[in-house]
There are 2 protein chains.
Amino acid sequence: MPCEGDHASGRSAYGARRMTTQRRVIAQAVDETRGAFTIDELASRVRRMDRTTGTATVYRAVAHLEESGWVERVGERGGSALYARCGAEEHHHHLVCTGCGRIEPAACPLDAGLAEEAERAGFLLTDHEVTLYGLCAACQTETRRG
Amino acid sequence: MPCEGDHASGRSAYGARRMTTQRRVIAQAVDETRGAFTIDELASRVRRMDRTTGTATVYRAVAHLEESGWVERVGERGGSALYARCGAEEHHHHLVCTGCGRIEPAACPLDAGLAEEAERAGFLLTDHEVTLYGLCAACQTETRRG
DNA sequence: TTGTATGCAAATGGTTTGCACCTAT
DNA sequence: ATAGGTGCAAACCATTTGCATACAA
């Protein structure tokens, strides 16, 4: 449960930038979206809330939201970038449901053993990405039914 | 060391498809490239070897090489897809040098503990991606010098 | 007021595709 | 012979950008 200062319509998601009607609506649209979304999907939802908001503004806003860590890029789908707001604060990775696009935070599986292996190869690790794919409980049920 | 049937100019990389001059040159160009490459970079190298090969052909050939597992997509750089031939046969991931683009195969760090965690969240894992970034030995030296 | 933000439309750039012409098999 | 491959150029499409206008602070 986000505190007020962290609410979708609050300003912290955009850092010190000016708050505008469009940015408020975009942040709220993200907050109402469960799972991953493309810019185009988000723009559609935004347009339903505020007819006048242009696509370029959505692109610019999401870039800011990503910069502040409020949303994360979690891959791509059909040539479009995928974003999600999973809400985790600390270092984490993602569990992606390939059925419905739902995103859950996942713990980091990298341990000392792996770092050692990298060192053995002469590498100095600086960053990493881990993404798990699967079916969430609901989609498993759906699969059994269908 | 690849056996003859698996050589760059051999046909196995393209499966049962017809072997052509262009495909032979493209596979050889990939084989001569150390580290990751974009289609554009590969196309340049190919053009140096055979003036007439078009970019579309390189795109089509790489799609086939990826399909056969001869090359792998290992991320993107500046909006372009990145590919690499790391040569590992079994399940593996990648160690990417952010300095020179060199790619090394890396063991899979996913263990039973992680699977359990996913199950606890109700997920049924079906796939995953792990990519490690860092500096290879040569680039570390380079960094210290520069 | 005034520096930012927005909308629109045009530009960008990677990738794909249609088509008439080649060429392995 | 003929199904499949190629080059070229045009088409596609997600994303970015220039610019005149609108607006938060």
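- Using modelled atom types and a 3.5 Å distance limit, the side chains of B:His128 and A:His93 yield no donor-acceptor pair.
- Residue contacts shown for A:Thr55 are absent, as no nucleic acid heavy atom lies under 4.0 Å away.
- Atoms CD (A:Glu76) and C1' (C:dT15) sit 12 Å apart, rounded to a whole Å.
- In summary, the side chains of A:Arg45 and A:Thr33 do present a donor paired with an acceptor at a separation below 3.5 Å, with no hydrogens or angles considered.
- Under 3.5 Å, the side chains of B:Glu72 and B:His92 contain a donor-acceptor pair of N or O atoms.
- Rounded to a whole Å, the CD1 atom of A:Ile26 is 12 Å from the P atom of C:dA5.
- Ring planes of A:His64 and A:Tyr14: perpendicular class, angle over 60° (limits at 30 and 60°).
- Taking side-chain N and O atoms only, B:Tyr59 has no distance below 4.0 Å to OP1 or OP2 of C:dT16.
- In this structure, CZ of B:Arg51 is placed 12 Å from P of D:dC8, rounded to the nearest angstrom.
- As a whole-Å value, the separation of A:Glu66 CD from D:dT16 C1' is 15 Å.
- Looking at every heavy atom in both residues, B:Gly35 comes nearest to B:Ala84 through O-CB, 4.1 Å.
- When distances are taken from the side chain of B:Ser80 to each of D:dA25, D:dG5, C:dT15, the shortest belongs to C:dT15.
- Look at B:Thr20 and you'll find a side-chain N or O under 4.0 angstrom from OP1 or OP2 of D:dT6.
- Note on A:Glu76 versus B:Arg73: salt bridge recorded, some NZ/NE/NH1/NH2 to OD/OE distance being below 4.0 Å.
- With rounding to whole Å, A:Arg24 atom CZ is found 15 Å from C:dT4 atom C1'.
- Comment: B:Glu66 does not engage B:Arg85 in a salt bridge, judged by the lack of any side-chain N to carboxylate O separation of less than 4.0 angstrom.
- A:Thr38 places no side-chain N or O within 3.5 Å of a backbone atom of A:Ser80 that could act as its donor or acceptor partner.
- Side-chain atoms of B:Ser68 come within 3.5 Å of backbone atoms of B:Ala13 as a donor-acceptor pair (strictly under, hydrogens ignored).
- Rounded to whole Å, the distance from CG on B:Leu82 to P on C:dG14 is 12 Å.
- For the helix from C:dT1-D:dA25 to C:dT25-D:dA1, the terminal axes (five pairs an end, C1' atoms, rotation from four pairs onto the next four) enclose an angle of 40°, given to 10 degrees.
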N/O to N/O distances under 3.5 Å, protein versus nucleotides 17-23 of chain D:
none

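- The side chain of B:Met19 has C:dT25 as its nearest neighbour among C:dG7, C:dT25, D:dG5.
- No contact: A:Thr38 has no heavy atom under 4.0 Å from any strand.
- Between A:Arg23 and C:dT6 there is a side-chain polar atom (N or O) within less than 4.0 angstrom of OP1 or OP2.
- Regarding B:Ile39, its CD1 atom lies at a distance of 14 Å from the C1' atom of C:dG13, rounded to whole Å.
- A heavy-atom distance below 4.5 Å is not found between the side chains of A:Val96 and A:Leu132.
- Nearest to the side-chain atoms of A:Gln22 among the listed nucleotides C:dT25, C:dT6, D:dA14 stands C:dT6.
- Regarding contacts with the backbone of C:dA5, every side-chain N or O of A:Arg17 stays at 4.0 angstrom or more from both OP1 and OP2.
- Between A:Asp40 atom CG and D:dT16 atom P there is a gap of 14 Å when expressed in whole angstrom units.
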